[in-house]
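Report on the structure given below.
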2 protein chains.
Amino acid sequence: MQPSLIAANIQCPILSQAKLETREFLVERSRIRRMERGEGIFLHQTPARSCFVVMNGWVKLYRILDSGDEAVLRMHTRGEAFAFADVLRRGDHQYGADAASECLLLEIPADALRQVLNDDPAFGAILLSHSFEQIDALSDQIEALKCQSGIQRVAAFLRYHARPKGNHLFVTLPYEKVLMAAYLGIKPESLSRALAKLRQHGVVAVDGGLEITDQGALDELIASRAVERRMAAR
Amino acid sequence: MQPSLIAANIQCPILSQAKLETREFLVERSRIRRMERGEGIFLHQTPARSCFVVMNGWVKLYRILDSGDEAVLRMHTRGEAFAFADVLRRGDHQYGADAASECLLLEIPADALRQVLNDDPAFGAILLSHSFEQIDALSDQIEALKCQSGIQRVAAFLRYHARPKGNHLFVTLPYEKVLMAAYLGIKPESLSRALAKLRQHGVVAVDGGLEITDQGALDELIASRAVERRMAAR
């Protein structure tokens, strides 16, 4: 087995919970795909022939509306799975998928997934639990879109992606600002204004990213009543 | 079996797909609950002891934020199920649920659901497919929140709930306007403004509801680029 396939085995919560036989069956039939930033993985409303696990980098799930606007539905990163539902329903993809950064994917063919689901009922339970987690994540996103102002959503996004570095928290923006704005449901110019304004709430721009110098101030902003709801508009 | 339990059997997509034995087992252990508008079904972060199917009326799933704002996550109506994930994870409810109108619920105890999932693997596949539908519905909602202006969301909501009556489409608002505004992620006053403005797009107020006199005009508004994004702000 390729070393990268072994890594997929460990990193993916769906595979790592499955019994050894099931895991081997799936991984032996899968292949690793290396994608450049912006490369298309599949298009909305095309037949679903494979499903994917992100091993590294970021993937954007999106739809193009009749109006021409692009709705960014989700951003997936390491260990997360997508297109399993489309494959199991034997239908078309419910969204398009692009590489949002350089990324590494495990591509599982539809036949292999269906076969496993047939042979191993426990794998069905793993998928059910994974789909419950997706429902939670989508509900959280709806909660934020309905009840938080634009600047609060930006603040919560930074908080979520912050990692300790020395005495402070540090955020490397996971993908470009235009995409971050689309994901948060604000205009790119609102994102720039929000980032500038966040200086008053303990976030400063430093080399290579942003530093959270006052976590308390940032948390206070996130939990406060959304007084500046105008920013929530795109 | 009570006649209302037989009805539940037919109306619920989860039950109606299950094999006879499974259906009988679940329905015999369930009870019918009649709720008044505004009555609480369960609270967020309380132990999940039952799951529910809506037989009639409307149920609101919501969360209260630290800021005190209420986020309306979903509105469920006839045939739709909720709290299945919470019960299967043996955890707390991920949201609160209230009766949004007078309603009739089928309450299935946690033990009965877990037993069935153990005894009948096909029932797991039914639940998986139901959870995929929920993911679709949540994705649609995110798409609308990110890419449609307030008035477009109101228009799409009316279109979704419109039923033919004579030569026109007619909408009885399914629940009160304050709740409709919260569900759509706009302020109640923005909803009133949007409804007034929709007169120019083929929607007129009539006794007992709204009439869509020009479906083409309404569809055109829904598909147009969101120029009035300011209305999307709460």
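What you see is a predicted model, and the numbers here were worked out from it, not measured in a lab. So that the names make sense, note that chain A is the first sequence line, chain B the second, and so on, each numbered from 1. What you see below is based on every heavy atom in this structure, not just the backbone, and it leaves out hydrogens, waters and symmetry mates.
Here the options are B:Ile135, B:Ile142, B:Asp136, the test is side-chain contact (heavy atoms from CB on, under 4.5 Å), and the partner is B:Ser139; only B:Ile135 passes.
Looking at A:Leu88, the atoms closer than 4.5 Å to chain B (heavy atoms on both sides) all sit in the side chain, from C-beta outward. Both the backbone and the side chain of A:Ala223 come within contact range of chain B, judged by heavy atoms closer than 4.5 Å. Within the 4.5 angstrom heavy-atom criterion, atoms from both the backbone and the side chain of A:Leu127 approach chain B. For a residue to count as touching a neighbouring chain, one of its non-hydrogen atoms must lie under 4.5 Å from one of that chain's; by this rule B:Leu138 touches chain A with backbone and side chain alike. Using a 4.5 Å cut-off between heavy atoms, A:Tyr62 does not touch chain B at all.
A centroid separation of less than 6.0 Å is found between the aromatic rings of A:His93 and A:Phe42.
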Report task. Could you give me the CA-CA distance, side-chain angles and deciding distance for B:Arg63 and A:Asp140, then say whether salt bridge (charged side-chain N to carboxylate O under 4.0 Å, His left out) is met? Result -> CA-CA 10 Å; B:Arg63 284 195 202 144; A:Asp140 288 347; 2.8 Å; yes

Query - B:Asp86 vs B:Arg89, side-chain contact (heavy atoms from CB on, under 4.5 Å): CA-CA, chis, key distance, verdict - result: CA-CA 5 Å; B:Asp86 298 340; B:Arg89 287 191 282 201; 4.0 Å; yes

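Ranked by heavy-atom pairs under 4.5 Å with chain B, the first of A:Leu117, A:Val72, A:Leu184 is A:Val72. The most heavy-atom pairs under 4.5 Å with chain A, out of B:Ala144, B:Ser129, B:Pro121, B:Ser131, come from B:Ser131. Ranked by heavy-atom pairs under 4.5 Å with chain A, the first of B:Gln141, B:Gln94, B:Arg74 is B:Gln141.
Between the side chain of B:Lys146 and the main chain of A:Tyr183, a donor-acceptor pair closer than 3.5 Å is present.
Environment of CZ in B:Arg199: sparse, with no more than 12 heavy atoms of neighbouring residues, nucleotides or ligands closer than 6.0 Å.
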